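Written below as structure tokens is the structure these notes are about.
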There are 2 protein chains.
Amino acid sequence: MEQETQELRRVGLKVTHPRMRILQIFEEDGIHHLTAEDVYKKLLAYQEDIGLATVYRVLTQFEAAGILVKHNFEGGQAVYELDRGQHHDHMIDVDSGKVIEFVSEEIEKLQHQIAASHGYVIEDHSLVLYVRPKSRSK
Amino acid sequence: MEQETQELRRVGLKVTHPRMRILQIFEEDGIHHLTAEDVYKKLLAYQEDIGLATVYRVLTQFEAAGILVKHNFEGGQAVYELDRGQHHDHMIDVDSGKVIEFVSEEIEKLQHQIAASHGYVIEDHSLVLYVRPKSRSK
DNA sequence: CTCCCTGCAAAGCTTTTGCACGGAT
DNA sequence: ATCCGTGCAAAAGCTTTGCAGGGAG
């Protein structure tokens, strides 16, 4: 709780109940990639009376503050996760919906080379692999 | 026109006016990545009286038939392009909105290695680089 | 002649916004 | 005491769907 309070102060946001609870949900063990709806449902499960609009507003503020990273995977709903500083890409198990993170210095390097060869510098990038367990692949 | 007719017959879709015109728009020179709204505006410019709902339906059918590929880039709107058989990734110039295509066998290979090392097989993947011209980069 | 296709309008879904009240500093 | 933050409801933006008339095979 002290930790979350300081985190919010650090980024210049008032320490309010909804912000604390939402931040705590992301810091819980378990699933780290949550949609606004996921967060809202968890709040409901905790008997919290926090509106969905507030969830959206807080997620947007946290993203702007660098606390969360937003991803636009397929399926319409944006997904958020804590920004732990280290960039990584994602692999999504299409059977279970599970999200696996990975890092590849080689791919990062190749991306920069490709952009450079076209006269560009990379501002941001998105790499998502949609995968299926090897054993039961088609 | 003969070409489009055969293409539609080949995939088992009735040859209707809306489908012909939409297919022709994708086969025109120029921009190859279009949103449903883009297609609709082009139809309007050609004095065609085709509803936006039909555009969405036809794009969905073309995607299912393998004529078009759908991409979910950032910004909410889905983007479609002709499926010319060869897989490629995209680079988006964030200043101009221009879309550049590229292919990297090395990245493809690395992706498969990474998936395999986690016990998975790739079903699909999405790689998008958001770039800025080198000369006026921040 | 039979379905498939289409335009229109309405509905769906995710996300954003206006407003007035309430709470943090 | 000030603003900022919040809940609620309404609105917005993209896409899908129900319906009844029209057209392709």
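Per chain, numbering begins at 1; letters A, B, ... match sequence-line order. In this text the structure is predicted, and so the values were computed from the model without any measurement.
- Within the structure, the side-chain hydrogen bond (donor to acceptor under 3.5 Å, both in side chains) test picks out the following pairs touching residues 73-83 of chain B (sequence neighbours left out): B:His33-B:Glu81, B:His71-B:Glu81, B:Glu81-B:Arg84, B:Glu81-B:His88, B:Glu81-B:His90.
- Whole-Å rounding puts the B:Met20 CE to D:dA24 P distance at 12 Å.
- A close approach under 4.0 Å does not occur between any side-chain nitrogen or oxygen of B:Tyr56 and OP1 or OP2 of D:dT16.
- Atoms CG and CZ, from B:Asn72 and A:Phe73 in turn, are 12.5 Å apart once rounded to the nearest 0.5 Å.
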Exercise for review: Please assess B:Arg19 against B:Lys14 for the test side-chain contact (heavy atoms from CB on, under 4.5 Å), listing each intermediate value before the final yes or no.
Suggested key: CA-CA 8 Å; B:Arg19 286 179 183 149; B:Lys14 281 189 182 173; 3.7 Å; yes
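- Rounding to the nearest 0.5 angstrom, the gap separating the CD1 atom in B:Ile22 from the CG atom in B:Leu68 is 9.5 Å.
- Bracketed by its first and final contacts, the part of DNA chain C lying under 4.0 Å from non-hydrogen atoms of chain A reaches from C:dT14 to C:dT25 in 5' to 3' order.
- Take the nearest nucleotide of DNA chain D for B:Gly75 and for B:Arg9: the residue whose nucleotide is more 5' is B:Gly75.
- For B:Glu48, the salt bridge (Lys or Arg N to Asp or Glu O under 4.0 Å) partners two or more places apart in sequence, or in a different chain, are B:Arg21.
- Atom-to-atom, CD of B:Gln77 to P of D:dT16 comes out at 13 Å; the value is rounded to the nearest Å.
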Point to revise | Under 4.0 Å protein heavy-atom contact, by nucleotide of nucleotides 2-12 of chain D - B base, S sugar-phosphate only | key: -BSSSBBB---
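- Looking at A:Arg9 and A:Gln6, their side chains never come closer than 4.5 Å, going by heavy atoms from C-beta outward.
- From one end of the helix from C:dC1-D:dG25 to C:dT25-D:dA1 to the other, with five pairs defining each end axis, the axis direction shifts by 30° (rounded to 10°).
- Here the CG atom belonging to B:Leu129 is positioned 12.0 Å from the CD atom belonging to A:Glu123, to the nearest 0.5 angstrom.
- A salt bridge between B:Lys109 and B:Glu106 is absent, with no side-chain N of the basic residue lying under 4.0 Å from a carboxylate O of the acidic one.
- The number of heavy atoms from other shown groups lying within 6.0 Å of CD1 (A:Ile31) does not exceed 12.
- The residue among B:Thr35 and B:Val15 whose nearest nucleotide of DNA chain D lies closer to the 5′ end is B:Thr35.
- Taking the side-chain contact (heavy atoms from CB on, under 4.5 Å) definition, one finds that B:Glu28 meets it with B:Ile25, B:Lys42, B:Tyr46, sequence neighbours left out.
- Here the straight-line distance linking atom CG of A:Leu82 with atom CD1 of A:Ile67 works out to 8.5 Å at 0.5 Å rounding.
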